[in-house]
Every structure is written in structure tokens, then in C-alpha cells.
Amino acid sequence: MTPDELSQLSVEERERQQGFEHCLNVCTAASCLSSGAEEVKKGLTTAVKEKGLREKCRIRGAGCMGLCSSGPLVALDPEDVLYQHVGVDDVPEIVESLDTQPVPRLLCDTTIPFFQRQKKIVLENSGRIDPERIEDYIAVGGYRSLARVLTEMDPDEVVQEIVNSGLRGRGGAGYPTGLKWGTVAKATGAEKYVICNADEGDPGAFMDRAVLESDPHRVLEGMTIAAYAVGATQGYIYVRAEYPLAIKRLRQAIKQAQRLGLQGDRIYETPFRFTVDIRLGAGAFVCGEETALIASIEGGRGLPRPRPPYPANHGLWGCPTLINNVETFANVAAILREGAGWFSSIGTEKSKGTKVFSLAGPLSRYGLIEVPMGISLREIVFDIAGGLPDGKSFKAVQTGGPSGGCIPARHLDTSVDYESLRELGAIMGSGGMIVMDESSNMVDVARFFMEFCMTESCGKCVPCRVGTYQMHTLLDRIYNRQGTKRDLELLSELCEVVRETSLCGLGQTAPNPVNSTLRYFRDEYEERLVSDGVRGPSGDPLAQVEMTP
Amino acid sequence: MVVAQRVQKVSHPSDDKRWKIIDATMRRAGNDRHALIETLHAVQESFGYLGDDALRYVAKRLRIPLSTVYGVATFYHYFTLKPPGEHLCVVCLGTACYIKGAPELVDRVSARWNVSMGESSPDGKVTLLSARCVGSCGLAPIAVVDGEVVGRTSPDELVDRIERLGNDDA
Ligand SMILES: Cc1cc2nc3c(=O)[nH]c(=O)nc-3n(C[C@H](O)[C@H](O)[C@H](O)COP(=O)(O)O)c2cc1C
């Protein structure tokens, strides 16, 4: 295919779509599917057929529409109507009303802050296109950035554009993406690789999954542009086996891209070639860490190794390798389309663009949101999510999962950017955001994350393997009202040791949930402590702890 | 770098047709040792678990020491070395599910079928597993019973659900 043929295809597809008077978009992302969206979609398809409306109304399976708390969601175009909590029983009424007024009792108000306060870049197509059809993506301008890059730009111009945009990695640490691309571009090696990190292991995070399920071509386009910029010919998407729908859609998307010549040899009839393969994770959190991920793609146990050398110089099979997160790649095509200046005008001085969060907990509204960097936590919790229902009171918001921390009410006005969150002892993380009310005990929450790190520790380095186990034992003891003041001191000491001496990010950040809850909710620890004598024959408390997990 | 290797003649552990699927997976990767995890995925998808015979077969075919194959198979939580029970109950223990009471789901299922986490019940009816987050936090707490997502569930409802499955078989 040539760029002209792409434009042609885009025009044809748009005309085809405009041939329909209406389009009913049914959310077919994981959450709506689990509440019956597939049945609704089938019901609508049958009803439209029976009423002889097939030429008039298109039924489209679309990606995530964000407001998971009101699913299953159905959106009607071009009227711009959103229906919530749609069941199979509602189908006749919806079809009946196509040419009249929308069904009032199913209407979801789209003027609420949940919709109005968001800013969509990564999710711009999510819920608006059929993720299983490449033509849908092309109709909204997909693969046009790639065409421009391949025919009009040099690789270093592409790198420079990403540098200028200020994009930073969305996988957690926030490393400047342009800088990383530049390093890989300059590195020398027989081969170079591009890897998309879709391991998303943080419990309570489902942003990457939603992007892959809703707009897989966007990620492929971003990876292909990256490959051109750094000089790679082979790409891998490392995706969790626990995400079957995302895997299925990615597989489909790769086949479709190959069919149209957007992957493989001579892309857009230029000398550039690039192929993407899928590699499945197998349920090990540590494999999200880049060096462990590489070990896993190579077919071995997912053990991290010390850096440097960084993957950019010495990665997959010893070759220069670019690793970015799903959401990072999902920003790329938009940046090249709208320009670096546009992207860097969004957000704060050091954190540009938007961030996708998966929002959960006892909230009036929850689901998947994309907000401009620099928005306050309060706006997210109280405007977008509508606060906590039933008179419950806000206690803390947890960001960054097992590497992150709990932020209390008094810091709700903090701006959401990499630096501000880190100052509070939390991190931006990959985007899990969980709100807790008074019923959550913070020692229990810290124990939960420590249990996670303990089980997920790969065992390669001692501080993490033994340290997480000991910290968990201490937390468990304190939670069960058997810990002493000395235990609490030991816990703090261990936090320090494990943070300073662990090999990879897993151990280095494992103490964060403890540190942040100790910092803001120390009283919850202290009220559970007992005096030394109470626990019986004391001595060194650690002597009573078994050493092998 | 995938370099095609000379394939050793290794016969299938049984005349089960499913071994052909496993062979195809290895062949696609040029029978290279890098294909180990892909192959183990194929075995688990076809047979439901990684049996001894399968591990030995894959080790020989890919020319990897059995100890390495075993090391990889046990490193990843997703792989299971024991045959699953009749029904599979996976309780999500992600953060959102945890704070909404997922541990009680585990306790109840575990008590009802006398099964501990990661194991199958003595009567072979139920296998109880945990997931680290199935990514539908809006529906917390969640269990996945025989592949079907049961959202916003309670201990009673979940036990009831599994019991009904058992009865349908009878
Ligand atoms: C224990 C651990 C788990 C991680 N998990 C993920 C993950 O699930 N997804 C991800 O993109 N990055 C994860 N990372 C970060 C990666 O190592 C790497 O920094 C990231 O993929 C780089 O992409 P980015 O620059 O686009 O953010 C993890 C890091 C650690 C230490």
C-alpha cells in the first residue's frame, strides 16, 4: 500500500460509515463484557435485522467508554447519546426509538465532570472505533502518521520530535522517551529490537489492557514509528497471558496490518521493514521489569540483572533494545500528527501530556479516565469520580500499586505529575488509582502490598527475598496486635536496607507502601502495638521468625 | 536470533493428537530453546497442565536440560504442574478486590470444599486459584468460575454458584 492508497481507503471507509443513518456502539471491553455487553450486542444485531434496519443502523462493537460503573454502555452516533446499564430487555425500546427521541430512562448524562474534565489523547478512539477492524482505525486517520514519518522524515527528525514533545515513559518511572529513543538510535548492533511492555502486573491497574482491547493498531503504529526512528526491524509485545481478549485483538491487528502492507517488508513501499510478534507472560510480576522481561522473552526464568548495561545498549539477545510501555507507544502517532508543540502545551512544566488512570474503590463513578497532567487529586476523586457515595468519608488514595503509596486527604490538592507524587512518597506508577474509605485499615493495606512483593520476589537477591518476607512477618504481627515498639523500629530499619540494597525496582520500591502509611497513618500502627512483656518470652523478635519463605 | 536447529527424533509420550499442536508451536520457532515458554503455554492450553511426560518431551525436543525446563515451569505462577479439578474458581486478589472483601471469598470456598489456595479439593471437584488483578476493578470483588466472570459477588453467592455447577454435571 502507498500513502495515497491509505488516504483512498480512509475516504471509502468514511463514506461507507456515513451511509448508515445511525450507529449503535456497544462497549465490548472487559468490564462491560462481564456485565453482559455481548448479549446486548447480539440482541441489537438481531432486532435491527428483524426490523429491516440493517442498511440504516450499524451495530458496532467498540472499545472501552470509560465509565465502567455504569456498564454495559451503548453510545448512539451521530446523535451523541450515551445509554447506561443497558440490558437485553432494553433492546427493543432502543431500536424502536432510533428515529424518535432517545430512551429517557437509560440516558447517561454526558455533561457531568466525569466526561467534561477528561482530556483524551491515548483514548481518543477508545469506544469510538471497532478494535477488530483496521478500516475503522484508518477511517479516523490511523497509520497516517506512519506514512508521513516514512516518506517525509529522517529517523533523527522523528527522535527529535519525541524529545521536543517532552513525552516521558508511562510504565512508572517517567524516563524521557526521546532520550531513550536517541540512545538506541545511536547504539550499534547487528540487530535492534523494539519491545512493548504490556505486562501490567500492578494489581489494580487495567489501563494498558483497555488500550490494547480498544485500539490495538494505535500501539502497533507507535511501535513501528519507534522502530523506524531507532533502526529496528523486529518488535515484540510482551503481554500477560491473563489478558486473553487483548491478546486476541492484538493477533488480529497484526494480521490485518500485514495484509495491508503496514507490517513486513517494504512498508508503504519504502525500504523500511518491521514485524511485530507477541510473547506471552506467564504470571510473574517481576517480568514487568525490563531486564527480567528480556530474560523471559529469551525463554528463561524472568530474573532481572544489574543495570548498566541498559537494554538500550545491551538488551534482547545482547542487541540494542528499546523498551517502552503500551501507553507510551500509544501517544506517539498523535504527537507526530499534531506536533510536539501541541503535546508539550498540555500538562505541567516537567510532565507533559495526559495520563490514563484506572480508578477504583468506593466511588460514585469509576472506570478508566484520561486526564491532563497537573490536574489535582481532588478534582479526580471529587469531580470526575463524583466523590464517595452513601456518606462515606475519604481516607486515602493509593497510586503506583506495590511500588507506590497512600496519599491522605490533606494532600488532595497535590498536582498529578511525576515529581509532586514522588515528593509525597507515592509515585505516578503505571496508573492504578484506588480510593479507600474509613473501612480500610492502613496497616492491612501495607501488609497486602508486602505480601504481594514477598510472593512476587524472584529470589535472586537476598535483600528482596528475605527482606520482604521479614517485613511481611512484622506487618502481620503488628496487624494482629502482637507487635512491639521494637518491631516497628525494625520494620523501619528493614525498609531502609531493602530500599538501598535490592537489585531491581521490585525490592527497591517494596518498602514504599509501608513508608507512606507510616508517614501519614502512624497512629494506626501505634494503636496496635503491645508492650514488650505481653508477647511472652521476648528477646530478639527476629529470632522467632523462620528464615525460609 | 532464531537459528533453526536440527530436530532430534523424539517420539510423542502418547498417541494423543494434541502433541501435534505442541510440535507445531516448537516448529514455528525453529525448535529453538527460546521457544520454551511459548511451548509450555501450548502444553497448558492443550492439556490443562504441565505433566511430567510433557516436560520431559519438551526438554528433549528443544535440547534443554530437564532441570532448566522444570525451573522455568515452576518460576511462572501461570503454569500449573498438577491436573486441575472439574471446576476452576479463580478469585481476584487485586487491590480493589482485596479492599472489597476478596479474602472472605477465598475463605468460604476453601472451607466448603476443603481446598487450599493453589490446590484442588480432595474430591477433585474444585481447583482454587488466585489472580493478581483481572483488570475489571469496577466489578470488585471478582471471581472467575470456569472462565466466566462473576462480579460484585459475595461469599454465599459464589459458593452457591459453584455448587450449582457441580449439580449440573450430575
Ligand atoms: C517490578 C517492576 C515491575 C514493572 N512492571 C511494569 C509493567 O507492568 N509495565 C511497564 O510498562 N513497565 C513496568 N516496569 C518498568 C519497566 O522496567 C520499564 O521501565 C518500562 O517498561 C519502560 O517503559 P517506559 O519508559 O515507556 O515507561 C516495571 C518495573 C519494575 C521494577
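Just so we're on the same page: letters track the sequence lines, and every chain starts at 1.
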**Residue among A:G300, A:A30, A:A360 with most heavy-atom pairs under 4.5 Å to chain B** = A:G300
**Asked** Checking A:C287 against chain B: side chain, backbone, both or neither under 4.5 Å from a heavy atom?
**Response** side chain
**Prompt:** Between A:P513 and A:A446, what is the shortest heavy-atom contact and its length?
**Reply:** O-CB, 4.2 Å
**Message:** Does the plane of the ring in B:H34 sit parallel, tilted or perpendicular to the ring in A:W317? Use 30° and 60° as the thresholds.
**Reply:** tilted
**Item:** Among the listed options A:A282, A:A210, A:G459, A:G281, the residue most often paired with chain B at heavy-atom distances under 4.5 Å
**Value:** A:A282
**Asked** Does any donor atom in the side chain of B:D123 or B:S121 lie under 3.5 Å from an acceptor atom in the other side chain?
**Response** yes
**Item:** A:Y243 six-ring face occupied by A:R209 cation (under 6.0 Å, within 45°)
**Value:** yes
**Message:** Could you check whether any side-chain heavy atom of B:V72 comes within less than 4.5 Å of a side-chain heavy atom of B:Y76, counting everything from C-beta outward?
**Reply:** yes
**Message:** Is there a side-chain contact between A:L212 and A:R249 in this structure, where contact means two heavy atoms from C-beta onward sitting under 4.5 Å apart?
**Reply:** no
**Item:** Taking every non-hydrogen atom, the tightest pair across A:Q234 and A:T275
**Value:** NE2-O, 3.3 Å
**Request:** Measure distances from A:S439 to the heavy atoms of chain B and classify the residue's part below 4.5 Å as side chain, backbone, both or neither.
**Result:** neither
**Ion pair check, B:R28 and B:E38, cut-off under 4.0 Å** = no
**Asked** B:T74, B:I99, B:I37, B:V144: which one forms the most heavy-atom pairs within less than 4.5 Å of chain A?
**Response** B:I37
**Item:** chain B contact via A:V286 - side chain, backbone, both or neither, heavy atoms under 4.5 Å
**Value:** side chain
**Prompt:** Once the angle between the rings of B:W19 and B:Y57 is folded into 0 to 90°, is it parallel (under 30°), tilted (30 to 60°) or perpendicular (over 60°)?
**Reply:** perpendicular
**Item:** Heavy-atom contact with chain B under 4.5 Å, split by part of A:S358
**Value:** neither
**Prompt:** Is chain B contacted by the side chain of A:F285, its backbone, both, or neither, given a heavy-atom distance below 4.5 Å?
**Reply:** neither
**Asked** Among A:F448, A:Y366, A:F449, who wins on heavy-atom pairs under 4.5 Å with chain B?
**Response** A:F448
**Complete:** Assert top hit (heavy-atom pairs under 4.5 Å, partner chain A, pool B:A140, B:G151, B:A35, B:G71) equals B:G71
**Residue part contacting chain B, namely of A:D444, when any heavy atom lies under 4.5 Å** = both
**Request:** Under 4.5 Å, counting heavy-atom pairs only, tell me which of B:V149, B:V150, B:I142 racks up the most with chain A.
**Result:** B:V149
**Prompt:** Where does A:L368 contact chain B at under 4.5 Å (heavy atoms): side chain, backbone, both or neither?
**Reply:** neither
**Prompt:** Quick one: what part of A:I278 sits under 4.5 Å from any heavy atom of chain B, side chain, backbone, both or neither?
**Reply:** backbone
**Asked** Do you know which of A:S34, A:G361, A:G302, A:A284 has the most heavy-atom pairs under 4.5 Å to chain B?
**Response** A:G302
**Request:** Please state whether the side chain, the backbone, both or neither of A:I434 comes within less than 4.5 Å of a heavy atom of chain B.
**Result:** side chain
**Residue pair B:V69, B:L62: steps toward the side chain to side chain contact (heavy atoms under 4.5 Å, CB included) verdict** = CA-CA 10 Å; B:V69 173; B:L62 297 179; over 6 Å; no
**A:E438 atom CD: more than 12 heavy-atom contacts under 6.0 Å** = yes
**Request:** Using non-hydrogen atoms and a 4.5 Å limit, figure out which bit of A:A205 sits close to chain B: side chain, backbone, both or neither.
**Result:** backbone
